[in-house]
2 protein chains.
Amino acid sequence: MDEQLKHQIEKLVPITDDEFAFIRSHFIVKNFKKGELLIQQGEGVEYLYYVVSGLLKLIYNDESAKEYIVSFAMEDWWESDFQAYYTQTKATMSLQCIEDADVLCLSLEDYKKLCEGSQKIQRFFLEKSIAGHIASQQRILSFITSNAAERYEQLLKRYPQLVQRVPKSLLASYLGVSRETLSRLSS
Amino acid sequence: MDEQLKHQIEKLVPITDDEFAFIRSHFIVKNFKKGELLIQQGEGVEYLYYVVSGLLKLIYNDESAKEYIVSFAMEDWWESDFQAYYTQTKATMSLQCIEDADVLCLSLEDYKKLCEGSQKIQRFFLEKSIAGHIASQQRILSFITSNAAERYEQLLKRYPQLVQRVPKSLLASYLGVSRETLSRLSS
DNA sequence: TGTAAATAGTGATATTTATCACGCGACTAA
DNA sequence: TTAGTCGCGTGATAAATATCACTATTTACA
């Protein structure tokens, strides 16, 4: 678990063992079972999560309780309701476990200490955030330029592992189409 | 112009005059007329841009040269083809001026020097990047949960200034609908 | 192991949106 | 001034997608 986080960081920023020990000391470990909520819409957001293993979904429930998938989070992904986390306001989304998961949790307080204490981890978060922004923009472009069939193709190409692990109804929600329409695309 | 940049930074991170002078020295000023290209799809991306005045559009052209609006950039916005800028690869999008604009330009080399030389500006970029990521996620949510009419409403609420300055055909492209459909919504 | 829930497919139909075609007024540059 | 482009609206029609209803199969778990 520790090795995984260290490796994840070192993909972007080389660090010494001491630096890693400092970084690691700010996280706590948690385990969630399928169906459990890490973040609940309407409540506070305590942590930013790093997924060690398992699979999560970031979802939004509208007034009629209909569920929309904003994002998935698999191994090595960082996830939270960022808006609520950084501003310490109530969550507008929920984060739910869809495969038993081990995660590392970072409170906002520890996040700030960490960034102050380590220029390198701050740079890591900056690069991660930029990568996230670029990925979001790609997904927006997909919505603007492509129909359901094309978006599904792009998803298959981009996250082939995900498609194996997630029911199609969730993929449909992620793509912004009804599950029936997605079902008919395959044929 | 300098005051504007300084104010923009200080919204997130307080800085001294000396620190600002150091930051400012890494930017160069450019001016663009309506229609001019700051970034051209297929070519290199020299700069990250800070918009002092005017209005830009970040666009993607598909094979049939159809144009899609990925983003607008007005006063105080930071814009580029981030993917191409950070990885120094060819642009997959174009950045075009739609109202005469004054911009401050930051090369990748200067960006890196700046981040190394100033912890504060790095934190500024981190916070800006996070904000951008959150905004993108909101827009994605809008695509997943809402139809054209609702997305237009949300745009009106979020960027009322923009709607005044931009032809509806461009707004339609930004919203991912045809101009005809957008036109019919108003009625 | 048995039962309920979850997943997936599909037909029928309604709704939304795209596309093509056209007209009109405003602005612009020769 | 005048032709040309641009922005915008709108009708007719086609295509894409949503919705509702039902079934079959698989999966989870008590």
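From a predicted model like this one, the values you see are computed outputs, not experimental measurements. These numbers come from the heavy atoms of this one structure, side chains and all, not from hydrogens, waters or symmetry mates. Residue numbers begin at 1 in each chain, while the letters A, B, ... track the order of the sequences.
- With 3.5 Å as the limit, one finds a donor-acceptor pair spanning the side chains of A:Gln154 and A:Ser146.
- Under 3.5 Å, the side chain of A:Arg184 and the base of C:dG9 form no donor-acceptor pair of N or O atoms.
- At the phosphate of D:dC29, neither OP1 nor OP2 sits under 4.0 Å from any side-chain N or O atom of A:Lys34.
- Looking at the side chain of A:Ser178, the nearest of the listed nucleotides D:dC8, C:dG9, D:dT19 is D:dT19.
- Annotation for B:Gln161: atom CD counts as buried by contact number, over 12 foreign heavy atoms lying within 6.0 Å.
- Atoms OH (B:Tyr152) and P (C:dT17) sit 15 Å apart, rounded to a whole Å.
- To the nearest angstrom, C1' of D:dA18 lies 13 Å from CD of B:Glu150.
- Taking 3.5 Å as the limit, the base of C:dT16 and the side chain of B:Arg151 contain no donor-acceptor pair of atoms between them.
- Distance from the side chain of B:Asn147 is smallest for C:dT17 among the nucleotides C:dA18, D:dC8, C:dT17.
- Residue A:Leu170 contributes atom CG, which lies 12 Å from atom P of C:dA6 at whole-angstrom precision.
- Across D:dT17, C:dT10, D:dG9, the shortest atom-to-atom separation from the side chain of A:Ala148 is found for D:dT17.
- The shortest distance between the side-chain N/O atoms of B:Thr181 and the OP1/OP2 oxygens of C:dT17 is not below 4.0 Å.
- One atom, CD of A:Glu180, and another, P of C:dG9, lie 11 Å apart when rounded to the nearest Å.
- Seen from the ring of B:Tyr174, B:Arg139 counts as a face-on cation partner, given the 6.0 Å and 45° thresholds.
- B:Ser169 comes within 4.0 angstrom of sugar-phosphate atoms only, judged by non-hydrogen atoms across all strands, and of no base.
- Side chain to side chain, A:Tyr68 and A:Asn61 fail the donor-acceptor criterion of an N or O pair below 3.5 Å.
- When heavy atoms are screened at a 4.0 angstrom cut-off, A:Gly176 is found touching the sugar-phosphate backbone but no base atom.
- Contact between the side-chain N/O atoms of A:Lys33 and the OP1/OP2 oxygens of D:dA28 is not found at any separation under 4.0 Å.
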